[in-house]
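Data block below; observations after.
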Amino acid sequence: MLKIKDLHAGYGRIQILAGVNLEAEEGQVTAVLGGNGTGKSTLLKAISGLIVPWNGSVEFDGEPVEGLRPDRIVRRGLVQVTQGKEVYPAMSVEENIKLGAYVRSDRQGIADDFERVYSYFPILKEHRKSHAGILSGGQLQMLCIGRGLMANPKMIMLDEPSSALAPQAVMDIFRSINRIRRDGTTVLLVEQNVRMALLLANYGYVIKDGVIHMEGLARDLINDDNVRLSYLGGTVADTTGAAATL
Amino acid sequence: MLVDLVMIGLSIGMIYGLVALGISLIYSGLDIVHFAHGEMYMFGAFIGMTVYTQLNLLYPFTFVVALLGTALMGIVIERVFYRRLTAGGGGYTVAGMGIIICGFGMALFLQNLAYVIWDPTPKPFPVDFGRAIVIGDIYYPRVYLWIVIMAVALMVVLNVFLRHTKLGLAIRAMARNKDIAFLMGINVPLMISLTFGVACALAAAAGVLIGPINHVEIYMGYLILIKGFAAAVVGGFGSLPGAVVGGVIVGVAESLGAGYLSGNYKDIYAFLILIFVLMVRPSGLFSVETKLKA
């Protein structure tokens, strides 16, 4: 569904991505893992068009999309949810979610997707008339993901949805990502929470210094000694314990 | 006397309000402090005057032509000059200085362009609005009434447009955060052009409305810019309701000051209010939360 070849990108003269190769299969969760400053967010921005790639190709759904304006890419069904949990605080939760459907005009489809979003995140339905400014961090993240889903994307890219959230909220978010995949939306998940991401994902990439450092099936990566040493810590028991909660 | 002065002040305040609205709209939407906005007002007035006297169009049609013409001019200027500069940041940042200087340069350029086209002698904009309204002691020329009606109508239209249309929603989303707006599928560059065009059209409207009272001349943009800024700051810079209220306050204060104190110092009263508001409540009367961005 998404094929990235030799992608170079950066800000101004500073290069961040130095030739990323990555593929995401339809109907799966593909995880991109790595620490701070390794180029994860830059990768998503270069895919979604918020920054223009210097070099390389991005192919979505069989067609090249690199260099297109972000709104054009959204209309092709590829939506990015950014990291900042940025919403319109003075608007109600409902209005914020509705903004995500800006590109659509099919009333019935929008109504159906509202129900879909509320089924993933019932707490948003409870607060639908409240100002978005009163929501907690986890609820804001749900709102941002819900808003992204309202464009009815074929694929959604999530930039560190678990960052700065309480453990319980992290669990809720990951559970809903699991349901989003089950309902047929492909997911590209950028995460620092390597354990949770690998438990959820089908396939994983580890990014380091702007290139793909390691890749493989998620279940192989989670047992890989290098990954375990560098990113996981803890014991196998911790891992299986967390797996049971998903 | 008091009623006369307040009513005339209210009308002039609407003019300031329209200009301040444009300044605030551009600032909150595009992060540009637009120093050539007075020249948009001047060009609007000149286009209106030219169309009115040369083509003998009705005054309302003059209005439409001036608004569209100035909006188009503004859009081209923003697209060609300001947009390259805003890529590095705007507003009060260091990068924003470039935009401010570019705005000053643009103002000078446009003044000289007007000089070449229309020459510097003040031109009349002779519109006949009929006899003044006289109720007892109150004497109210119809042109002032016309200003209030048109300005309020434009403000209502702008409000409905921003609050209740899909395009307005897209503009508000763009003003708040361009990246997020992009990721919702909004054509951000188009919304930027639209915002700038609307702001310039508001200035043009003010120019066409004031034209029949004063003469139309190429230096008229200078003072209105400062008055517009005073109005915008008094109301709360970036706040749209604040711009209108600020405009009315400045207009009424000026009118009362001219009537009761001295007409010679008319232009000073606006700045006295500005300084007073900045000392007592530097964020302006309307706090930042109420501005377009919220």
Side-chain angles (χ1 to χ4, degrees), chain A residues 11-12 41-42 44-52 68-92 95-105 110 131-133 140 143-153 155-159, chain B residues 24 28-29 31 79 83-90 93-95 98 159-195 236 238-242 283 286-294:
Chain A
Y11 305 95
S41 294
T42 310
L44 287 198
K45 285 183 189 168
I47 299 170
S48 68
L50 286 180
I51 60 173
V52 176
L68 286 185
R69 248 188 10 230
D71 55 305
R72 297 265 164 80
I73 294 179
V74 169
R75 282 169 197 272
R76 292 187 182 208
L78 178 57
V79 166
Q80 182 196 348
V81 177
T82 54
Q83 202 184 348
K85 300 186 200 115
E86 181 94 25
V87 298
Y88 298 91
M91 290 187 195
S92 73
E95 286 171 313
N96 268 283
I97 297 174
K98 203 174 165 195
L99 274 174
Y102 180 81
V103 294
R104 302 168 65 184
S105 48
I110 292 173
H131 282 187
L140 282 176
L143 179 52
C144 290
I145 297 175
R147 183 176 64 192
L149 288 171
M150 287 304 286
N152 195 19
M155 178 167 172
I156 191 162
M157 303 192 286
L158 306 174
D159 194 350
Chain B
S24 278
S28 58
D31 257 5
R79 199 86 194 199
R83 190 159 308 176
R84 291 160 206 267
L85 296 170
T86 41
T93 62
V94 177
N159 187 44
V160 170
F161 171 66
L162 286 177
R163 301 236 156 255
H164 302 291
T165 67
K166 207 171 170 179
L167 267 181
L169 182 71
I171 285 179
R172 286 190 295 144
M174 175 279 291
R176 171 90 193 175
N177 185 321
K178 293 181 182 49
D179 278 0
I180 301 292
F182 251 143
L183 293 176
M184 294 189 308
I186 292 168
N187 185 340
V188 171
L190 180 70
M191 295 310 145
I192 290 175
S193 291
L194 213 59
T195 306
S239 157
L240 300 191
S283 59
F286 285 68
S287 59
V288 185
E289 279 80 47
T290 54
K291 75 179 181 176
L292 174 82
K293 292 198 171 194

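Protein chains get the first letters and strands the later ones, always in sequence-line order, with residue 1 at the start of each.
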Closest non-hydrogen atoms of A/Arg69 and B/Pro189, given as atom of the first, atom of the second and distance, are CD-CG, 3.9 Å
Quick one: what part of A/Leu99 sits under 4.5 Å from any heavy atom of chain B, side chain, backbone, both or neither?
both
Let me know if A/Arg76 has heavy atoms under 4.5 Å from chain B in its side chain, its backbone, both or neither.
neither
For the interface with chain B, which of A/Leu50, A/Thr82, A/Ile73, A/Val103 has the highest count of heavy-atom pairs at distances below 4.5 Å?
A/Leu50
Any side-chain heavy atom of A/Pro70 sitting closer than 4.5 Å to one from B/Lys178?
no
Looking at A/Arg75, I'd like to know if its CZ atom is crowded, meaning that more than 12 non-hydrogen atoms belonging to other residues, nucleotides or ligands lie closer than 6.0 Å.
yes
Minimum heavy-atom distance between B/Asn177 and A/Tyr88, given as atom pair plus value:
O-OH, 4.4 Å
If you measure from CG on B/Leu183 to CE on A/Met157, what distance do you get to the nearest 0.5 Å?
8.0 Å
Using heavy-atom distances under 4.5 Å, tell me whether A/Arg147 contacts chain B through its side chain, its backbone, both, or neither.
side chain
Against chain B, label A/Val87 side chain, backbone, both or neither, depending on which of its atoms sit under 4.5 Å from a heavy atom there.
backbone
Search all heavy atoms of B/Ala170 against all heavy atoms of A/Tyr102 and return the closest pair with its distance.
CB-OH, 3.4 Å
If we define contacts as heavy-atom pairs under 4.5 Å, which of B/Ala173, B/Gly185, B/Ala181 has the most with chain A?
B/Gly185
Beyond-backbone contact of A/Lys98 with B/Leu169, side-chain heavy atoms, under 4.5 angstrom
no
